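Below: the structure, in structure tokens.
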2 protein chains.
Amino acid sequence: MVPRIPVSVDLVVLTVREQRLSALVWRRDQPPHAGRWALSGGFIQLDEDLPAAAARVLAERAGLRGAPVHLEQLQTYGYPDRDPRQRVVSVAYLGLAPDLPAPSEAHMSWQGVNSLTSMAFDHRRILLDGVERARSKLEYTSLGAAFCPPEFTVAELRRVYEIVWNTPLDPRNFHRKVTGAEGFLVPTGRTTTRDGGRPARLYRRGGAELLHPPMLRPGRA
Amino acid sequence: MVPRIPVSVDLVVLTVREQRLSALVWRRDQPPHAGRWALSGGFIQLDEDLPAAAARVLAERAGLRGAPVHLEQLQTYGYPDRDPRQRVVSVAYLGLAPDLPAPSEAHMSWQGVNSLTSMAFDHRRILLDGVERARSKLEYTSLGAAFCPPEFTVAELRRVYEIVWNTPLDPRNFHRKVTGAEGFLVPTGRTTTRDGGRPARLYRRGGAELLHPPMLRPGRA
DNA sequence: TGAATAGTGTCTTTCAGACAATATCGG
DNA sequence: CCGATATTGTCTGAAAGACACTATTCA
């Protein structure tokens, strides 16, 4: 009577490393789509909440147990032939991670999103939807800091924006905007010279989730 | 091995009528939650795409066959005990409709969202998520016109914004903003006096999806 | 003519964009 | 001191907020 369908969770985990926006993927060695890159995913269990399933996949399949990854639901993909073996409905989650040590799962790797042109199933579409979500969230939330280590400089945060948006930003205007935004950055009182030059103040993420007014991407008039 | 789960589509269909933001609901007469308001929904069929299932539910269950309703995926709800009878994963869709004639399904009705305090299952949460999505989309897209008839005046569009946002807007500044936005409104050349006073120009929706720069809700500093 | 609503214009403030100038480190 | 990067400041233009004024209908 009521069709029952396997429901999976697929993760678009993004990070900024080596001057590239990169996604956590693995290379399939079995058909279908053997040899193509795939997002990590897994079927949800009968007694498992969706966010719990996403966290479990992140830990068990993606190899990022305990890592400070911001996870949010992205979108659900369900057209009937997206997996040729059987119908699967996939709830995609977007994860934003700082530049982490290599994942504990040996088959996982970080790949620049621009190089991921050939992916299994509809994972390319899901990945691009996740990238666009991340790009737009940087405009009106403080989630850019999710790509940074616990303590970071304004310049490091700016480089995150520049790489995710793929556009240069004026360092002085960016500094004014993020330090002026209520609750975005909390100064730690410490400084670092890891980027050379004059010591830069270190900040932690503030409590504010929203950036108001937003910082719009340049060149979209 | 792989758990199979019934997947449903639930619709948050919103409209602006009688000076209220209203949702399309029906009153349950069977347990569980007998007597409470519920969103219209239905299980997806094995060969059915998710948008197709949403359109089918809109036509068959909600009684809005052929109506000009903007449908977009909202979010997926899947915690295990959201339906006490069996586990169901629900993909919620948000629908934005103009003030339509009464739905053909007799048991459906429009209810102001503020009066829907007691709903079945987690439908109150889903409804509120849909309302918030609609509120924020009015900021940066031209979707406000989805609440209007095919031809409408600037004042009618403004009243949509005022009711959805529940805040008064300055008529002159609003007029400047929406008529100045590239591709938002297309003048038809005709006018109407249905609101009294000086004849107002009639517009149709333009092709632009995005409103740039966005029109932010007042009072969220 | 007057009430009602539509539409235009003006002033002010906020804020982004462009860019000069100063500050503070390592070497 | 010099090169590098951080931080502050200044000027300008775009656009929002507040509000005066004119335009065009119907009764």
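First the proteins, then the strands, lettered A, B, ... as listed; each starts at 1. Predicted, not measured: the structure shown is a model, and the values here were computed from it.
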_Applying the side chain to side chain contact (heavy atoms under 4.5 Å, CB included) criterion to B/H123, which one of B/V12, B/V25, B/L39 satisfies it?_
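By the side chain to side chain contact (heavy atoms under 4.5 Å, CB included) criterion, B/H123 pairs with just one of B/V12, B/V25, B/L39: B/L39.
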
_Under 4.0 Å, heavy atoms only, any strand: does A/D195 hit a base, just the sugar-phosphate, or nothing?_
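It contacts sugar-phosphate atoms only.
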
*Which part of the nucleic acid does A/P218 contact within heavy-atom distance under 4.0 Å: base, sugar-phosphate only, or nothing?*
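Result for A/P218 = nothing.
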
Can you tell me how far the [atom1] atom of [X] sits from the [atom2] atom of [Y], to the nearest 0.5 Å?
X	Y	atom1	atom2	result
A/L21	A/I163	CG	CD1	8.5 Å
B/R204	B/L185	CZ	CG	11.0 Å
B/I44	B/R56	CD1	CZ	9.0 Å

Between [X] ([atom1]) and [N] ([atom2]), how many Å, whole number?
X	N	atom1	atom2	value
B/L216	C/dT14	CG	P	16 Å
A/R217	C/dA16	CZ	C1'	17 Å
A/D170	C/dA21	CG	P	16 Å
A/R194	C/dT24	CZ	P	20 Å
B/L185	C/dA6	CG	C1'	15 Å
A/F174	C/dC15	CZ	C1'	16 Å

_Under a 3.5 Å threshold, yes or no: a donor from one side chain and an acceptor from the other, between A/S22 and A/T15?_
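A/T15 and A/S22 do not have a side-chain donor-acceptor pair below 3.5 Å.
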
_No-hydrogen, no-angle side-chain donor-acceptor test under 3.5 Å, A/R65 and A/S104_ =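 Checked: A/R65/A/S104 side chains show no N/O donor-acceptor pair below 3.5 Å.
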
*Are the side chain of B/D170 and the backbone N or O of B/N173 linked by a donor-acceptor pair below 3.5 Å?*
yes

*asked:* Between B/D129 and B/R133 (salt bridge meaning N to carboxylate O under 4.0 Å), is one present in this structure?
replied: no

*Closer than 4.0 Å, any side-chain N/O of A/K177 to the OP1 or OP2 of C/dC15?*
no

*Assign each of B/M215 and B/G197 to its nearest nucleotide of DNA chain D by heavy atoms, then name whichever residue's nucleotide is nearer the 5' end.*
B/M215

*Sequence neighbours left out, what passes salt bridge (charged side-chain N to carboxylate O under 4.0 Å, His left out) with B/E139? Give chain and number order.*
B/R217

*At the 4.0 Å heavy-atom cut-off to chain A, mark where contacts on DNA chain D begin and end, going 5' to 3'.*
D/dA4 to D/dT10

For nucleotides 8-10 of chain C, which of its nitrogen or oxygen atoms have a protein nitrogen or oxygen under 3.5 Å away, and what is each distance?
unit_1 : atom_1 : unit_2 : atom_2 : d
C/dT8  : OP1    : B/R201 : NH2    : 3.3
C/dT10 : O4     : B/R176 : NH1    : 3.4

